[in-house]
Amino acid sequence: MSLFETTSIQCPVCDTITDFQAAGSVNADRRPDLREAILDNTFQNVTCPSCNEAMRLEPVMNYLDVELGLWLAAYPPRQIGDYLKLEDEVQALFDESYGSASSASAQDVGAGLQPRLTFGWPATREKLFLRKEGLDDVVIEMLKLDLLRRLPEAPLRPGVELRVTSVTETALGFVWIETASEEILQAFECNKALLAEIEGNLDAWAEVRSGLTQGLFVDMQKMYLGEGRNAA
């Protein structure tokens, strides 16, 4: 089931304090409307009753989607620097819920789930979107790393991420986005031929793939967020 808890949120403009139902866990199979709210970027949005300022609660929740084969733990973007510690905690939580430390029936469910750790709504939405579109998130992160070599003016800096937001028959739509504010800085399309090129030459990407898949935080940002798990 999906669990919500009453919390208070303060408007950054007029300081009005408003009660809000914060999500602690989401079961998308029982509440597909919440899946759609995450995908259309309306989940956990609130409007200040005094000045109409739009606000959004930071994610601190677990998400289960048996239909799409996804389980993830979503945290605020400000905690991304602690990803190594959180990977261990989240892995333990998954093991207790659907992995090796759970019941046989839960493990049957867990066998069909891809566990992931995300930071911020853009990353959370992207993981869900990629699963829905049948795209391998690991290969997508490889593609992003390849694109960094091809984009001379990429606005890469702390707090700015590259996210897939759309898919057509021939192209992937990307945005450079401020994680905390969700402000889109740039948008562009990438021909799917580049993705196919990587998929057809995975041996050349073996070392990168190994780095990306060590732990549940599967994101190119881990490649430049410090020493990483190999050196930890």
Side chains of [X] and [Y], donor plus acceptor under 3.5 Å:
{"X": "Thr16", "Y": "Gln10", "answer": "no"}
{"X": "Glu161", "Y": "Gln221", "answer": "yes"}
{"X": "Asn201", "Y": "Glu197", "answer": "no"}

Between [X] (side chain) and [Y] (backbone), is there a donor-acceptor pair under 3.5 Å?
{"X": "Glu126", "Y": "Val164", "result": "yes"}
{"X": "Lys192", "Y": "Val167", "result": "no"}
{"X": "Ser210", "Y": "Ala206", "result": "no"}
{"X": "Gln44", "Y": "Gln21", "result": "yes"}

message = Under the rule for side chain to side chain donor-acceptor pair (under 3.5 Å), what residues qualify as partners of Ser8, not counting sequence neighbours?
response = Asp19
Minimum heavy-atom separation for [X] to [Y], with atom names?
{"X": "Glu141", "Y": "Met220", "result": "OE1-N, 2.8 Å"}
{"X": "Pro115", "Y": "Leu113", "result": "CD-O, 3.4 Å"}
{"X": "Met61", "Y": "Ala23", "result": "CB-O, 3.6 Å"}
{"X": "Arg116", "Y": "Leu70", "result": "CG-CD1, 4.4 Å"}
{"X": "Ala106", "Y": "Ser102", "result": "CB-OG, 3.6 Å"}
{"X": "Val139", "Y": "Glu199", "result": "CG1-CG, 3.8 Å"}

ILVMFWY cluster, [X] and [Y] together (side-chain gap under 4.5 Å):
{"X": "Phe4", "Y": "Val46", "result": "no"}
{"X": "Val13", "Y": "Leu57", "result": "no"}
{"X": "Val26", "Y": "Phe20", "result": "no"}
{"X": "Leu93", "Y": "Leu216", "result": "yes"}
{"X": "Ile9", "Y": "Val60", "result": "no"}

Side chains of [X] and [Y]: closer than 4.5 Å at any heavy-atom pair?
{"X": "Glu53", "Y": "Thr47", "value": "no"}
{"X": "Ile198", "Y": "Trp205", "value": "yes"}
{"X": "Leu195", "Y": "Leu172", "value": "yes"}
{"X": "Trp121", "Y": "Thr179", "value": "no"}
{"X": "Asn45", "Y": "Met55", "value": "no"}
{"X": "Phe217", "Y": "Ile80", "value": "yes"}
{"X": "Arg35", "Y": "Leu68", "value": "yes"}
{"X": "Leu156", "Y": "Trp176", "value": "yes"}

ask   = Asp33 and Phe43: side-chain contact (heavy atoms from CB on, under 4.5 Å), yes or no, with the steps?
value = CA-CA 10 Å; Asp33 59 309; Phe43 188 60; over 6 Å; no
inquiry  = Go through it in stages, so that I can follow the logic: the residues are Phe188 and Leu162, the test is side-chain contact (heavy atoms from CB on, under 4.5 Å), and I'd like the CA-CA distance, side-chain angles, deciding distance and then a yes or no.
reply    = CA-CA 10 Å; Phe188 65 92; Leu162 182 59; 3.8 Å; yes
[X] [atom1] to [Y] [atom2] distance, which is reported to the nearest 0.5 Å:
{"X": "Gln114", "Y": "Asp137", "atom1": "CD", "atom2": "CG", "result": "4.5 Å"}
{"X": "Thr7", "Y": "Ile17", "atom1": "OG1", "atom2": "CD1", "result": "10.5 Å"}
{"X": "Ser97", "Y": "Gln107", "atom1": "OG", "atom2": "CD", "result": "11.5 Å"}
{"X": "Cys11", "Y": "Asn52", "atom1": "SG", "atom2": "CG", "result": "9.5 Å"}
{"X": "Leu145", "Y": "Ile140", "atom1": "CG", "atom2": "CD1", "result": "11.5 Å"}
{"X": "Asn62", "Y": "Leu72", "atom1": "CG", "atom2": "CG", "result": "8.0 Å"}

task = Just jot down the ring-ring contact (aromatic ring centres under 6.0 Å, His included) partners of Phe129, sequence neighbours excluded, or say none.
result = none
request  = Output the rest of the hydrophobic cluster of Val175: all Ile, Leu, Val, Met, Phe, Trp and Tyr residues reachable through side-chain heavy-atom contacts under 4.5 Å, sorted by chain and number.
outcome  = Ile177, Ile184
inquiry  = Could you walk me through whether Arg56 and Asn41 satisfy the side-chain contact (heavy atoms from CB on, under 4.5 Å) test, starting with their C-alpha distance in whole Å, then the side-chain angles of each, then the deciding distance to 0.1 Å, before giving a yes or no?
reply    = CA-CA 10 Å; Arg56 193 175 194 183; Asn41 290 315; 3.9 Å; yes
Is the closest basic N to carboxylate O distance between [X] and [Y] below 4.0 Å?
{"X": "Glu36", "Y": "Lys132", "result": "yes"}
{"X": "Arg31", "Y": "Asp65", "result": "no"}
{"X": "Glu182", "Y": "Arg163", "result": "no"}
{"X": "Glu58", "Y": "Arg78", "result": "yes"}
{"X": "Arg30", "Y": "Glu67", "result": "no"}

query = Could you go step by step and tell me if Met223 and Val208 meet the side-chain contact (heavy atoms from CB on, under 4.5 Å) rule?
reply = CA-CA 9 Å; Met223 311 300 278; Val208 174; 4.3 Å; yes
key: Residue among Thr118, Leu117, Val138, Asp136 satisfying side chain to side chain contact (heavy atoms under 4.5 Å, CB included) with Val218   = Val138
ask   = Hey, do the aromatic rings of Tyr83 and Tyr75 have their centres closer than 6.0 Å?
value = no
request  = Would you please indicate if the ring centroids of Trp71 and Tyr63 are separated by under 6.0 Å?
outcome  = no
